[in-house]
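In what follows, a single structure is set out as structure tokens and then discussed.
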Amino acid sequence: MTPIRTRFAPSPTGFLHLGNVRTALFAWLAARSTGGSFVLRVEDTDQGRYVAESEAAILETLRWLGLEWDEGPEVGGPHAPYIQSLRVDLYRSHAERLVEAGAAYWCTCTPERLAAMREEQQRNHRPPRYDRRCLGRQDEVAAERAAGVPAVLRLRMPEGTTEWDDAVHGPLRYDNGEVDDQVLLKSDGFPTYHLAVVVDDHLMEMTHVIRSDEWIPSTPKHLAVYRALGWEPPRFCHVPQVLDEQRQKLSKRRGARTVLEYAEAGYVPDAVVNAMALLGWSSGTGQEVFGRDELVAAFTLERVQPSPAVFDPQRLDSLNGLHIRRMSTEALMEALEFHLPGVSREARTRLVPLLRERMVTLRDATGLAAPLLGPAAREEGAALPPRRVSAAVAARLLDDAAREVEAGGLDDLEAMRHRLTEGLEAQGVRARDGFRVLYIAILGRPAGLPVFDAMAFIGAEESLRRLRAARAELES
RNA sequence: GCCCCGUUCGUCUAGUGGCCCAGGACACCGCCCUCUCAAGGCGGAGAUCGGCGGUUCGAAUCCGCCACGGGGUACCA
């Protein structure tokens, strides 16, 4: 299969959420799965919307997810710089070529006139497009520009139709008469997306343009630029958007969490990647849980769906648990450092087997392990004795357990548990009911990490202290 | 207003003319396992394949119209 060379080109106007990054993931997968390359490019041509911290956050997000780029900011590459604001001369020189080719023209119409024009077109049920007033008076416009009147450069959209074979949507066709004479160069001298994206994608030798499908309507403009410059266009792949539960495009404004927030909340990169991959793509084999390498092996652009997908947080939870359980003890121990601050590597290693199957997120470790790392606060409503267990049975169990611990029972948890079970059953009490007493005594609540393992973890001394405290509570 | 894209269980999806009175996953419910909680195993409920017409011996799959959802319509990306 031919290597795909593609890019992710975010604009540094905010943080990355699942919707943005899903597109990056598909591009990364397309490149990796074909032995191609993945380029990162920063599209900061809108000075007004630039948010300083967001650029660093974008790089951090991609790195956290493991979507490493072969060329781009901080790693460089043969087509550097990879930041558009540093490439302005390139756009201007190509704009000049477009003017010479008669494919672009200057325009000094005011924003007010443009707005009035569009309003009128809308009133008359006509498609909103620039009316080309300046196209017929280029000499005057040139004089105005010389006199300092602000001007923009517009694409002269050719007649006819534009069609292309989209990798996701199949054949797409537009009547050029519906397409506006797009502004290519703004009056501040910066290019618009429509010029910069074409120049960079060509110069950076992209074979595929993988982007959100909100770009479909402007693709004819881009194709017109390719044609005017005599360039062969890349293959376009317009991937569907990711929607929230209200079926709206995911957006920070509407409360979409950033990827980095998921990281802090205890989600693991592989799970987030897996969950995103399933939004708009499926393997076709029925497999839905993928490790990184499996995903790279299974991915193809052809299997990307054209319809938008609603992000389901519950699915992410499920996958996160699954991926946590797939992690090695060593890896989990390391990953838990953030959520179990101050807990030694040795202690974390002992905790991992107890925690692994009980965590949805890494953050769950904090609450689960709390009774083993400090005093076990009594959970509200956790009565001693619990329902279905008499005070007499509870007292005896606590005494028996204390005796067991004193006799070194923690050295063989299974044997100790067996003896305590027999003691309970001799009194006609089921172990599952009786042991609830131990859970409350040791963990402060009727459920949690396996209680015998918990006792072993906190040690004989602390175990005895808690058993006796519970015993004393029964007396009062 | 104009243009475009899309439409299979609540959600993600399989499905490209007969294998589908539609399969899987998540969530939900039940059972089993079990020191609790989980995890795991098994089972259940859940979709008139957006609607209506058409093509065909036969349509979720092909065509048309409509409806609904989303997007574009900027000197934002």
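Protein chains get the first letters and strands the later ones, always in sequence-line order, with residue 1 at the start of each. Just so you know, these numbers use all the heavy atoms, side chains as well, and skip hydrogens, waters and symmetry mates.
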With a 4.0 Å limit, can you tell me whether [X] has a side-chain N or O closer than that to the phosphate oxygens OP1/OP2 of [N]?
| X | N | answer |
| --- | --- | --- |
| A:Ser218 | B:G72 | no |
| A:Arg118 | B:A74 | yes |
| A:Gln287 | B:A14 | no |
| A:Lys186 | B:C76 | yes |

For [N], which nucleotide in any strand shown is its Watson-Crick or wobble partner with both distances under 3.5 Å?
| N | answer |
| --- | --- |
| B:C21 | none |
| B:A39 | none |
| B:C9 | none |
| B:U73 | B:G1 |
| B:C49 | none |
| B:C62 | B:G54 |

Review item, nucleotides 18-20 of chain B N/O atoms under 3.5 Å of protein N/O:
none

May I ask you to say whether [X] pairs ionically with [Y], meaning some side-chain N is under 4.0 Å from a carboxylate O?
| X | Y | value |
| --- | --- | --- |
| A:Asp400 | A:Arg403 | yes |
| A:Glu96 | A:Arg92 | no |
| A:Glu422 | A:Arg419 | no |
| A:Asp201 | A:Arg41 | yes |
| A:Asp44 | A:Arg49 | no |
| A:Glu43 | A:Arg7 | no |

Residue pairs, two or more places apart or on separate chains, that pass salt bridge (Lys or Arg N to Asp or Glu O under 4.0 Å) and touch residues 175-193 of chain A: A:Arg132-A:Asp181

Heavy-atom pair with the smallest gap, counting every atom of A:Asn320 and A:Leu362: ND2-N, 4.4 Å

Footprint string (nucleotides 37-50 of chain B, 5' to 3'): B base within contact, S backbone only, - free, heavy atoms under 4.0 Å: BBSS----------

Considering residues at least two apart in sequence or located in another chain, which fulfil the side chain to side chain contact (heavy atoms under 4.5 Å, CB included) criterion with [X]?
| X | answer |
| --- | --- |
| A:Ala394 | A:Pro385, A:Val389, A:Val437, A:Leu474 |
| A:Glu425 | A:Thr421 |
| A:Ala116 | none |

From [options], nucleotide with atom closest to [X] side chain:
| X | options | answer |
| --- | --- | --- |
| A:Arg303 | B:A77, B:G15, B:U7 | B:G15 |
| A:Glu288 | B:C75, B:G24, B:U7 | B:G24 |
| A:Arg315 | B:G72, B:C12, B:G6 | B:C12 |
| A:Gln122 | B:A77, B:C35, B:G1 | B:G1 |

side-chain hydrogen bond (donor to acceptor under 3.5 Å, both in side chains) partners for A:Asp312, two or more places apart: none

Charged tip of A:Arg156 within 45° of A:Tyr105 ring normal and under 6.0 Å: no

Whether A:Trp164 and A:Phe236 hold their rings parallel, tilted or perpendicular, with breakpoints at 30° and 60°: perpendicular

Stretch [range]: residues that reach within less than 4.0 Å of RNA chain B through a heavy atom:
| range | result |
| --- | --- |
| residues 233-250 of chain A | A:Gln241, A:Arg247, A:Gln248, A:Lys249 |
| residues 42-58 of chain A | A:Glu43, A:Thr45, A:Asp46, A:Arg49 |
| residues 168-178 of chain A | A:His169, A:Leu172, A:Tyr174, A:Glu178 |

Whole-Å gap separating P (B:U34) and CG (A:Asp453): 17 Å

Euclidean distance, atom CG of residue A:Leu354 to atom P of B:U36 [Å, nearest integer]: 15 Å

Polar side-chain atom of A:Asp166 near backbone of A:His238 as donor-acceptor pair, under 3.5 Å: yes

Side-chain (A:Arg113) to main-chain (A:Thr108) donor-acceptor, under 3.5 angstrom: no

5′-ward residue of the pair A:Pro308/A:Thr110 relative to RNA chain B: A:Pro308

Under the ring-ring contact (aromatic ring centres under 6.0 Å, His included) test, residues paired with A:Trp281 that sit two or more places apart: A:Phe290, A:Phe299

Polar pair under 3.5 Å, donor/acceptor by atom type, side chain A:Ser318, base B:C26: no

Donor-acceptor pair under 3.5 Å, A:Gln121 side chain vs B:G1 base: no

Qualifying residue for side-chain contact (heavy atoms from CB on, under 4.5 Å) with A:Val310, from A:Leu243, A:Val242, A:Leu279: A:Leu243

Would you tabulate the pairs of protein nitrogen or oxygen atoms and nucleotide nitrogen or oxygen atoms of nucleotides 28-32 of chain B closer than 3.5 angstrom?
none

